[in-house]
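Quick note on labels: first sequence line is chain A, next is B, and so on, each numbered from 1.
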Amino acid sequence: MKMQDKIPYEPKDIEKKWQDVWEKNNLYKSEIDKTKTKMHVLDMFPYPSGEGLHAGHAKIFGASDIYARMKRMQGFNVLKVQGYDAFGLPAEQFAIKNKVNPKISTKKNTENFERQMRRLGLSYDWSRSVNTTDPKFYKWTQWIFKQLYKDGLCFESHEPINWCPSCKTGLANEDLEDGKCERCGSVVEKKPIRQWVIKITDYAEKLLSGVDNLNWKESIKEMQRNWIGKSEGAEIDFRLSTSQTFTVFTTRPDTLFGCTYCVFAPENKLVEELLNNNLINNGNEVKKYILEVKDKSEIERTSSGKEKTGVKLEGVFAINPANQKEVPVYIADYVLNNYGTGAIMAVPAHDERDFEFAKKFDIEIIELEKFEDKNEIVKKVGGKMVTKYKLRDWVFARQRYWGEPFPIVFDENHNPFVVADSELPVILPDVESYEPTGDGESPLKNIQEWVEVNGKINSEGEFESDENGKIFYRETNTMPQWAGSSWYWLRYMDPHNDQEMVNKEIEKYWGDVDIYLGGMEHATRHLIYGRFWNQFLFDKKIISTPEPFKRLEAVGLVLGEGGMKMSKRLGNVINPDDIADIFGVDTLRLYIAFAGDYHDDYTWDTKAIVGPRRFIERVWNMQYKIQTPPSLPSIEEGNSSPNIKLTTLLHQTIKKVSNDYEKLQFNTAVAQMMTFINAYDKNENIDLESYKTLLKLLAPICPFVTEEIWESLTPALSIGEGAMQSIHQEEWPKYDELQTIDKVVNIAIQINGKLRDTFSIATDSPDVEVLEVAKNREQYKKWVGEVEPKKIIVIKNKIVNVVL
RNA sequence: GCCCGGGUGGUGGAAUGGUAGACACGAAGGACUUAAAAUCCUUUGACGCAAGUUGUGUGGGUUCGAGUCCCACCCCGGGCACCA
């Protein structure tokens, strides 16, 4: 090719062109194909915020896109869909502030997100996209809740929420500052509100044992185990001097003889009973303490570094069932009512927190010389061995507008009934005002024509509408944002099915998620809830695998320039559109891939983007150095031939890039391609096959520019009507292990562990030969001299260490 | 506080217990140019003219050899159940 034929690299034209061509050719549409192995690549779906996509999204979605593109080229049938987790607080608060129906702002935001993601060349099958706020989707969220309900896994309960008495609204923990309302500064109370609770604890054991078989990072598995928090212990009954009994939970029944006091959680029902019956001499002091504790957070209460607080219940003793000894009874905030039994036997000599407490309150400390046999002592005092979990039941209700309505109605006596399938979806109605009612109920409560519904209970015991039936009242709580995100990926498999949440045969083909990418902040809750629903659906034989996510990859944050978390307030949010405008999408994708390990946080640095851009331009310009016909390196040219070195480097590069992509270590894969180019580009001519290999390796990260060059290399094959030959449909390069081995290696000489010299020698030379060469080196003679070494260690292809 | 991560040049970051700093950004010098940009070449952890010394948060330890393993500590990030 002549110089004047060179076309400069113009990302804007290229990127628009290929985005359209790919979409017209349905390049990323997924269909069941039983001749291929399926590969479900899943991103944690975004909440479509008004700010649009930020750099963190580009990092997560980019990672899975690179992975999915490689997998397609490797012959897998990839399912890759994106959806929107669009219920939730920000849309609602926007609605309250601007009096706009969240449907409208959500639609706008969603469209913007999709435009941005298309522009980034993310290879989603958009025909399968879902939105949790779409009645066609939440019909099935409600349906799953119904199955849980019918299985007895849901119950009503009055659970405390943070209540701001002056704003007259419930607050999220996030909205608190030092126990005060972030907005108005009032002291926040705990107010019990009627809620729906799902018995996730019934699945504690399954959730725990399921962790073992997951191909997840050990640290995240450990976080899941700790969240579930299984502990084996005993429940032992104690009698009070006032004749009531209570049960303590202890993991150390063997220390029962060391128990010198007992502690109740301040909220414990028995304390209330004792107070009501005036059995506590210092009742006022106790009441005062209970009030103080009411507004403390759990973190505050259980922090072991903090000074212990509590109040002795004067006039009340507990009797240790092991030795009938009377011990004092306290209430203290370090005992939680929702863990164990809300009461403990305290053994200060053998428990750190009990020890701190006992020291402060001057309670007897009995050091035990021998421990009892756990089972025997429990049997002797009439207790029983039990298993407890830290995992708590799931408060599954919000007193807000923008969430899925429950498929539940009540009769006039507040007896709940689940609605019949024909009633689904229960549509979220439009309201005048999005503010919660002044008594903490959802705004739905005020829509009489929605709440009141005439109907009857059918033979299944389910509610059916009937104009002539009696009045029922709809549940006005809505579901938390967790609901839709606990099963959305299943819907990707069969998104338009209006008969089932997912067809069994279809679900069987796509099966579990092969790789799930998302933020570390979801390592416990989202993943526990998702696993729970999935296990439940498996038990109901609705789906075919018990665990939803075969492999999980936690992707680190992108921090703003200056190393702070990106936030609107700090003004350091990076919008991918802006970067794409200046440098092009391929450069943006390459920059993000190259900036650091995907699993770690990294700091955005706009200045550093020129590096990736320069790299792409070098690749671009290399197409004008292609030599025809290609010259293949010949073996006869020997070890020192630059062609042999390049061939080795080519095979090393295919190997490293393939392995690194598989592990999502894109930064080192890119570094390897840069190394390859640095060596290759020194030559006057480039051989076509090696260049095409490089383009294929780069294609998952830079889909546009590689496609453009590919087209110019193989013009006859491209853009045919409906039958384009895209680089993204090419076969992934293969390498030959033997060809990856360097012919020559560098050996380091260490004298007493210090590096003194290096030399090169044929790979796999025998130790004696290596040593012989080493001994004749100047540096060796200089540092060793005539001294007889104590020991010489030779590590093949690496090092010679001489110990003097 | 508890659980899970992390700490390496001016910067982002590489390193199956075996030559610390790959790759890139930045910087300095040079080539090309009337000039600038772009591009190319050279240098670039620190100290030192050099030989060399020193260096992966801190202090100990194991080892022929430690960024990597062990112990103690300091600092930073994520999670702690109504942000999701």
**Q.** Pair pattern of RNA chain B in dot-bracket, where unpaired bases get dots and | marks partners in another strand, Watson-Crick or G-U under 3.5 angstrom
**A.** (((((((..(((.....[....)))((((((.......))))))(((....)))..(((((..]....))))))))))))....
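Looking at heavy-atom distances under 4.0 Å, Gln195(A) makes contact with a base. Nucleic acid contact for Gln672(A): none, since no nucleic acid atom lies under 4.0 Å from a heavy atom of the residue. Heavy atoms of Asn752(A) sit nowhere under 4.0 angstrom from any nucleic acid atom. In this structure, Lys790(A) reaches neither bases nor backbone, as no heavy-atom distance under 4.0 Å exists between it and the strands shown. Among the heavy atoms of the strands lying under 4.0 Å from Ala397(A) is at least one base atom, whether or not backbone atoms are also near. Base engagement by Glu174(A) is indicated by at least one non-hydrogen atom pair under 4.0 Å involving a base atom. If you check every strand for non-hydrogen atoms under 4.0 Å, His522(A) touches a base. Within 4.0 Å (heavy atoms only), Arg756(A) reaches sugar-phosphate atoms of the nucleic acid but no base atom. Nucleic acid contact for Thr758(A): base, since at least one base atom lies under 4.0 Å from a heavy atom of the residue. Residue Trp482(A) is in base contact, counting any heavy-atom pair closer than 4.0 Å across all strands shown. The residue Ala608(A) sits close only to the backbone: its heavy atoms come under 4.0 Å of sugar-phosphate atoms, none of a base. Residue contacts for Ile528(A): at a heavy-atom cut-off of 4.0 Å it reaches no nucleic acid atom on any strand shown. In this structure, Asp757(A) reaches neither bases nor backbone, as no heavy-atom distance under 4.0 Å exists between it and the strands shown. Residue Met674(A) is classed as a sugar-phosphate contact, given heavy-atom separations below 4.0 Å to backbone atoms only.
Protein atom CD1 of Ile616(A) is 13 Å distant from nucleotide atom P of C25(B), rounded to whole Å. The separation between Asp354(A) atom CG and G1(B) atom C1' is 16 Å, rounded to whole Å. One can place CE of Met223(A) at 7 Å from C1' of G78(B), the figure rounded to the nearest angstrom. A straight line from CG of Asn173(A) to C1' of C80(B) spans 10 Å, rounded to a whole angstrom. A81(B) atom P lies 18 Å from atom NE2 of His526(A), rounded to whole Å. In this structure, the CG atom of Leu590(A) is 11 Å from the P atom of C25(B), given to the nearest Å. The CG atom of Leu171(A) sits 14 Å away from the P atom of C82(B) (whole-angstrom rounding).
Rounded to a whole angstrom, the distance from the C1' atom of A38(B) to that of U33(B) is 11 Å. Taking the C1' atoms as reference points, G59(B) lies 26 Å from C2(B), given to the whole Å. Rounded to whole Å, the separation between the P atoms of G55(B) and G61(B) comes to 15 Å. Between the C1' atoms of U54(B) and C71(B), the separation comes to 26 Å (whole Å). Separating the P atom of G5(B) from that of U11(B) is a span of 27 Å, rounded to the nearest Å. Nucleotides G60(B) and C74(B) are separated by 15 Å at their C1' atoms, to the nearest Å. Nucleotides A22(B) and G45(B) have their P atoms positioned 8 Å apart, rounded to a whole Å. Taking atom P in both C83(B) and G10(B), the straight-line distance is 41 Å, to the nearest Å.
By the 30° and 60° cut-offs, the orientation of the rings of Phe396(A) relative to Trp533(A) is tilted. Between Tyr488(A) and Tyr516(A), the two ring planes are tilted [angle within 30° to 60°].
Closest approach of Thr133(A) to Tyr138(A), counting heavy atoms only: O-CE2, 3.3 Å.
Looking at Gln195(A), its side chain never comes within 3.5 Å of a backbone N or O of Val197(A) through a donor-acceptor pair. For the pair Tyr598(A) (side chain) and Lys663(A) (backbone), a donor-acceptor distance under 3.5 Å is absent. No donor-acceptor pair under 3.5 Å is formed between the side chain of Arg398(A) and the backbone N or O of Pro480(A).
Which of C82(B), C64(B), C4(B) sits closest to the side chain of Ala172(A) comes down to C82(B). Between C40(B), C64(B), U54(B), one nucleotide has an atom nearer to the side chain of Lys754(A) than all others, and that is U54(B). Picking from C4(B), G79(B), U19(B) the nucleotide with the shortest atom distance to the side chain of Ala748(A) gives U19(B). Minimum atom distance to the side chain of Gln750(A) is reached by U19(B), of the listed G52(B), U19(B), C4(B).
Under a cut-off of 6.0 angstrom, the local environment of CD in Glu778(A) is sparse, with at most 12 non-hydrogen atoms contributed by other residues, nucleotides or ligands.
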Q: Tell me, with the steps shown, if Asp742(A) and Gln652(A) meet side-chain hydrogen bond (donor to acceptor under 3.5 Å, both in side chains).
A: CA-CA 9 Å; Asp742(A) 285 308; Gln652(A) 286 172 338; 3.2 Å; yes
Q: Begin from the C-alpha positions of Tyr661(A) and Phe666(A) and carry the test ring pair (Phe, Tyr, Trp, His ring centres under 6.0 Å) through to its verdict.
A: CA-CA 6 Å; Tyr661(A) 282 0; Phe666(A) 307 119; 5.7 Å; yes
Q: Run the numbers on Asp597(A) and Asn667(A) for side-chain hydrogen bond (donor to acceptor under 3.5 Å, both in side chains), then give the verdict.
A: CA-CA 6 Å; Asp597(A) 190 317; Asn667(A) 56 336; 5.6 Å; no
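Applying the 4.0 Å criterion to OP1 and OP2 of C25(B), one finds that Arg614(A) has a side-chain N or O inside that range. Side-chain nitrogen and oxygen atoms of Gln779(A) include at least one within less than 4.0 Å of the OP1 or OP2 phosphate oxygen of G52(B). Put simply, Asn801(A) has no side-chain N or O that comes within less than 4.0 Å of OP1 or OP2 on U63(B).
Both Gly753(A) and Ser219(A) sit near RNA chain B, but only Ser219(A) has its closest nucleotide nearer the 5' end. Between Lys782(A) and Val802(A), the residue whose closest nucleotide on RNA chain B is further toward the 5' end is Lys782(A).
Just one of Leu552(A), Leu664(A), Leu42(A) meets the side chain to side chain contact (heavy atoms under 4.5 Å, CB included) condition when paired with Leu517(A); it is Leu664(A).
The existence of a salt bridge linking Lys360(A) and Glu356(A) is excluded, since no basic side-chain nitrogen approaches an acidic carboxylate oxygen closer than 4.0 Å.
With a glycosidic angle no more than 90° from 0, G9(B) adopts the syn conformation.
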Between the protein and nucleotides 9-16 of chain B, list the N/O to N/O atom pairs that are separated by less than 3.5 angstrom.
unit_1	atom_1	unit_2	atom_2	d
G12(B)	O2'	Ala595(A)	O	2.7
G13(B)	OP1	Asp601(A)	O	3.3
G13(B)	O3'	Asn667(A)	ND2	3.3
A14(B)	OP1	Asp597(A)	N	3.4
A14(B)	OP1	Asn667(A)	ND2	2.8
A14(B)	O5'	Asn667(A)	ND2	3.3
U16(B)	O4	Lys798(A)	NZ	2.9

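In this structure, Lys656(A) fails the cation-pi test against Phe676(A), since its NZ or CZ atom is not both closer than 6.0 Å to the six-membered ring centre and inside 45 degrees of the ring normal.
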